[in-house]
Enquirer: 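Dumping the structure here so I can ask a few things about it.
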There are 2 protein chains.
Amino acid sequence: MKRTLEQLCTDIGLRMTRQRRTIIQAIENASDHPDAWSIYLRAGKADPQICLSTVYRTLRIFQNAGILAGHRFKDGLHRFERDSDERHGHLIDRTTGKIIEFRDREIERLQSAIAEHHGYRLVGYRLELIATPLTLKETAKGREDRVG
Amino acid sequence: MKRTLEQLCTDIGLRMTRQRRTIIQAIENASDHPDAWSIYLRAGKADPQICLSTVYRTLRIFQNAGILAGHRFKDGLHRFERDSDERHGHLIDRTTGKIIEFRDREIERLQSAIAEHHGYRLVGYRLELIATPLTLKETAKGREDRVG
DNA sequence: GTACTTGCAAAGCCTTTGCTTTTCA
DNA sequence: TGAAAAGCAAAGGCTTTGCAAGTAC
């Protein structure tokens, strides 16, 4: 069964403090990709004492330990999410900023092939699809492959 | 025939100053994805007077105008490149940081399909493959792939 | 001539760090 | 109790901005 963040932490010898538990809670409860400030705010509800630099430090430690994955979308903020293996893409709604996660094996297969073609072995990827909602008309018309 | 950056600028009513010409030169000559500081250094060789904030301002204006494409790789810096249509991926050598551009229609086709599956129309994408060089053994094992 | 641009310096924003105090194991 | 972590404030790195002076059109 899947290990909790807390388990992963102690696994690698990190001390489990009140603050870390709070931060972990905030992350496990998140369904989005929060940045340090959001996590600070969310954690602050459970523990108003918590300090922003603790949040930053903790996130960085988790990221270096491979427990958390860090992203940078266009806004430039460090954003975090639970899965540390970079094995999914993000579909970004350009009109609202909403982010949908997806995974597609076929794309991953092609990616590996491309990397190999260039003499590399794929170890991770970042895929962001920037998209706008389909209009009713487009939806009705059905698929017409295009980029742009 | 393809328009030069300078033409694109005047097209949209931007004044063509010495500094802008210098910055444009630096960008057109670049084969990589320079950040503001690199562009400042390169432009500085042609015009030592040029000011970093002018570089920043100019890049931002160009980006907003859709003349330049901005990226954020893991280092978090704003990086720029000429093509403003986001129609290619970046293969990133994790060991050296080297960036190789590529384009693959099949992946793009899949991307469109995924977007549509979620009710969206793809308007652009960002694809970064993080990879490590193949070892000799792996290369031999693999098929007749050439190293690009 | 006038509106747009630059240079400069200062401020801003996000993030990291030094140091002392606190806490965990 | 010793080492790791937190809190706080200050510094750091990259980027933006206000304003006076300069320049393209």
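Naming convention: chains lettered A, B, ... in sequence-line order (proteins, then strands); numbering from 1 in each chain.
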Enquirer: Please enumerate all residues that pass salt bridge (charged side-chain N to carboxylate O under 4.0 Å, His left out) together with B/R42, with sequence neighbours excluded.
Expert: B/D32
Enquirer: So does B/L91 get a backbone contact from the side chain of A/Y125, meaning a donor-acceptor N/O pair under 3.5 Å?
Expert: no
Enquirer: By the salt bridge (Lys or Arg N to Asp or Glu O under 4.0 Å) test, which pairs, at least two apart or in different chains, include something from residues 47-62 of chain A?
Expert: A/R18-A/D47
Enquirer: What is the distance, to the nearest angstrom, from the CG atom on A/N64 to the P atom on C/dT17?
Expert: 11 Å
Enquirer: Using 30° and 60° as the class boundaries, would you call the ring planes of B/F80 and B/H78 parallel, tilted or perpendicular?
Expert: tilted
Enquirer: Flag the pair B/E6 and B/R20 as a salt bridge only when some basic side-chain nitrogen lies within less than 4.0 angstrom of an acidic carboxylate oxygen.
Expert: no
Enquirer: Taking CG from A/L52 and P from C/dC13, how many angstroms apart are they, rounded to a whole number?
Expert: 14 Å
Enquirer: Inspect the surroundings of NE2 in B/H117 and state if more than 12 heavy atoms from other residues, nucleotides or ligands are less than 6.0 Å away.
Expert: no
Enquirer: With the threshold set at under 4.0 Å for non-hydrogen atoms, list the residues of residues 10-34 of chain B touching DNA chain D in residue-number order.
Expert: B/R15, B/M16
Enquirer: Suppose we screen for side chain to side chain donor-acceptor pair (under 3.5 Å). Which residues come up paired with A/R109, at least two apart in sequence or across chains?
Expert: A/E106
Enquirer: Separation of B/D75 atom CG from C/dT16 atom P, in whole Å?
Expert: 13 Å
Enquirer: Roughly how many Å is it from CZ in B/R72 to P in C/dC14, rounded to a whole number?
Expert: 11 Å
Enquirer: Is the shortest distance from a Lys or Arg side-chain nitrogen in A/E128 or A/R126 to a carboxylate oxygen in the other one below 4.0 Å?
Expert: yes
Enquirer: So, A/F73 versus A/H90, ring centres under 6.0 angstrom or not?
Expert: yes
Enquirer: Using whole Å, report how far CG of A/D35 lies from C1' of C/dC14.
Expert: 9 Å
Enquirer: Indicate yes or no for a side-chain donor-acceptor contact from B/R82 to the backbone of B/N29 under 3.5 Å, with no hydrogens or angles considered.
Expert: no
Enquirer: Give a yes or no answer on whether the side chain of A/Y56 reaches the backbone of A/W37 with a donor-acceptor pair at less than 3.5 Å.
Expert: no
Enquirer: Let me spell it out: for each of B/Y56 and A/D47, pick the nucleotide of DNA chain D with the closest heavy atom. Which residue's pick is nearer the 5' end?
Expert: A/D47
Enquirer: Quick test: give all pairs of protein nitrogen or oxygen and nucleotides 8-12 of chain C nitrogen or oxygen below 3.5 Å, distance rounded to 0.1 Å.
Expert:
{"from": "C/dC8", "atom 1": "N4", "to": "B/S53", "atom 2": "OG", "distance (Å)": "3.2"}

Enquirer: Where does the chain A footprint on DNA chain D start and end, counting 5' to 3' with a 4.0 Å heavy-atom cut-off?
Expert: D/dG2 to D/dA9
